[in-house]
Amino acid sequence: MIGKQVPGICAVLVWTILVIPAKCHTPFFIFGDSLLDAGNNLYLNGTAKITASLPYGETFFKENPTGRVCDGRIIPDFIAEYANLPLIKPYLEPGFSNYTDGVNFASAGAGILPETSPGTIYLKLQLSYFEKVTEKLKQQEGESKAAELLTNAVYLFSMGGNDYMHVAMKSTMPSLGNTNTTSQPLTSTFKKQYAITVLSNLTSVIKQVYATGGRKFLFQTVGPLGCMPSNRIGSGSKGCAHDVSVLAKMHNTALSKVLLRLQKTLPGFKHGLFDYYSALSERTNYASRFGFEEGQTACCGSGNYNGQFTCGKNGTNAYNLCSDPTKYVWFDAAHPTESANKQLSDLLWAGPLRVVGPYNAKALFDTAS
Ligand SMILES: *[C@@H]1O[C@H](CO)[C@@H](O)[C@H](O)[C@H]1NC(C)=O
Ligand SMILES: *[C@@H]1O[C@H](CO)[C@@H](O)[C@H](O)[C@H]1NC(C)=O
Ligand SMILES: *[C@@H]1O[C@H](CO)[C@@H](O)[C@H](O)[C@H]1NC(C)=O
Ligand SMILES: *[C@@H]1O[C@H](CO)[C@@H](O)[C@H](O)[C@H]1NC(C)=O
Ligand SMILES: *[C@@H]1O[C@H](CO)[C@@H](O)[C@H](O)[C@H]1NC(C)=O
């Protein structure tokens, strides 16, 4: 029996005349905020606990909203589908403990920094859950199989947006409805220092996942925060909130440098950085080019641009709900629709180098590490 390494194939087993290509099993681990949360916050106990209610989920999950902050599927759902994996489950889902396909740690409202939104699963806490998962995998699959799974796995990160919202908009957990958009101008020294703190916390978590065996990483840049419906509200008739946009761009530029440095210093570290900011900005600004009818106003919510987080909440003020979310880029005040997520996922999966690189998701899933 001969084992041979071929890209995308863990080992080719040759046994007399039988040739059996053994495809790598590639688990998918997800770290993030509301853009990637598949339902963890349903199971929190404190202030960040959410209840899933329609119209969230209506497009795909129908009567059973899952805790995703979207009318349907989010990016990890599409990527899992393209990678021939089932929907990746939230870590906190009761009774779930078979991690061979991966697990989702993302938490709506969560930041890279713990102080951004108390009560959510901030990044270091997500990392501590990941460490529990690796222990469980070792018990269940044995040391060597677990090590192989962790090395083959793809790790997706999308975080930072809430950290910048928190300082620039004085808004904690916007996805949970606490909007206090009384902003005050931030000095450029503060912005720079803050971005350094956020990125160095992110870097330390990446290094720990790498130390656990992780080699294949995907990152989304922080989105166009200033131009979300929630942030257009306070900024007059046109345009986007300023400070938070500056912070998002600073973060994204610095992130690409940090990743290139990690690639130089960590042997075998492979990554793809997806320019989520530009991809979502283009759709917001030129909706019709991408098949949408509305790029600025959310499908669900109230106030200017439907930028208030009232979607799905009963109360004295009813919220507006569009009849066809597929025509909208934004589902609620800060989260894209399933249709927008599908387009973004297609770019992350197989997009060209100017959008995602050096590897796209498909290349990382196909490569044996
Ligand atoms: C929430 O509380 C329940 C009951 O005390 C407990 O079993 C569960 O672990 C808690 N969840 C989290 C995420 O801490
Ligand atoms: C875990 O799930 C996979 C399929 O995703 C299955 O093949 C495997 O047998 C399961 N392991 C355990 C211990 O249940
Ligand atoms: C909103 O933010 C401002 C500025 O930080 C603060 O003074 C005010 O107390 C906040 N209001 C609420 C309701 O949290
Ligand atoms: C992480 O952020 C905290 C603030 O929450 C900061 O004090 C600390 O220095 C940062 N850690 C790293 C490794 O940069
Ligand atoms: C909102 O009101 C509708 C109609 O009264 C009711 O069916 C639904 O359960 C309520 N949803 C929540 C989250 O309270």
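We count ligands from 1, going down the list as the structure has it; atoms in each ligand are counted the same way.
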A.B. asks: Using a strict cut-off of 4.0 Å, indicate which atoms of ligand 2 neighbour a heavy atom of Gln140.
C.D. replies: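 Within the 4.0 Å cut-off of Gln140, ligand 2 contributes 11 (N), 13 (C).
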A.B. asks: In Å, rounded to the nearest 0.5 Å, how long is the span from OG1 of Thr337 to CD1 of Ile74?
C.D. replies: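 Here the interatomic distance stands at 13.0 Å.
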A.B. asks: At less than 4.0 angstrom from any non-hydrogen atom of Asp101, what atoms of ligand 2 do you find?
C.D. replies: 5 (O)
A.B. asks: Can you confirm whether Lys138 is buried at NZ, in the sense that more than 12 heavy atoms of other residues, nucleotides or ligands lie under 6.0 Å from that atom?
C.D. replies: yes
A.B. asks: For ligand 1, list the protein residues that place a heavy atom within a distance below 4.0 Å of one of its atoms, sorted by chain and number.
C.D. replies: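 Answer by chain and number: Tyr43, Asn45, Leu92.
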A.B. asks: Would you say Ser200 and ligand 4 have an N/O pair spaced under 3.5 Å apart?
C.D. replies: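 Yes, there is a polar N/O contact under 3.5 Å.
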A.B. asks: What residues, two or more places apart in sequence or in another chain, satisfy salt bridge (Lys or Arg N to Asp or Glu O under 4.0 Å) together with Lys327?
C.D. replies: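 With neighbours one apart ignored, the set is Asp324.
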A.B. asks: Take atom NZ of Lys191 as the centre, draw a 6.0 Å sphere, and report whether it contains more than 12 heavy atoms from other residues, nucleotides or ligands.
C.D. replies: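 Yes, the 6.0 Å shell around NZ holds more than 12 heavy atoms from other groups.
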A.B. asks: Using a strict 4.0 Å cut-off to heavy atoms of Leu113, name the atoms of ligand 4 that fall inside it.
C.D. replies: 2 (O), 5 (O)
A.B. asks: Does Glu115, backbone or side chain, put an N or O under 3.5 Å from an N or O of ligand 4?
C.D. replies: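 Yes, there is a polar N/O contact under 3.5 Å.
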A.B. asks: Could you tell me whether the side chain of Phe28 reaches within less than 4.5 Å of the side chain of Asp101, counting heavy atoms only?
C.D. replies: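 A side-chain contact under 4.5 Å is absent here.
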A.B. asks: Would you check the N or O atoms of Asn201, main chain and side chain alike, for any that come under 3.5 Å of an N or O of ligand 4?
C.D. replies: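 Yes, Asn201 has an N/O under 3.5 Å of an N/O on ligand 4.
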A.B. asks: Determine whether Leu113 and Phe157 fall in the same hydrophobic cluster, where Ile, Leu, Val, Met, Phe, Trp and Tyr are linked whenever their side-chain heavy atoms lie under 4.5 Å apart.
C.D. replies: yes
A.B. asks: Residues sharing Leu353's hydrophobic cluster, by side-chain heavy-atom contacts under 4.5 Å among ILVMFWY, directly or via others?
C.D. replies: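 Other cluster members: none.
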A.B. asks: Answer yes or no: is there a side-chain heavy-atom contact under 4.5 Å between Val356 and Leu273?
C.D. replies: no
A.B. asks: Hey, could you give me each pair passing disulfide (SG to SG under 2.5 Å) that has a residue in residues 198-227? Not counting sequence neighbours.
C.D. replies: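 Counting only pairs at least two positions apart or across chains, the disulfide (SG to SG under 2.5 Å) contacts touching residues 198-227 are Cys227-Cys240.
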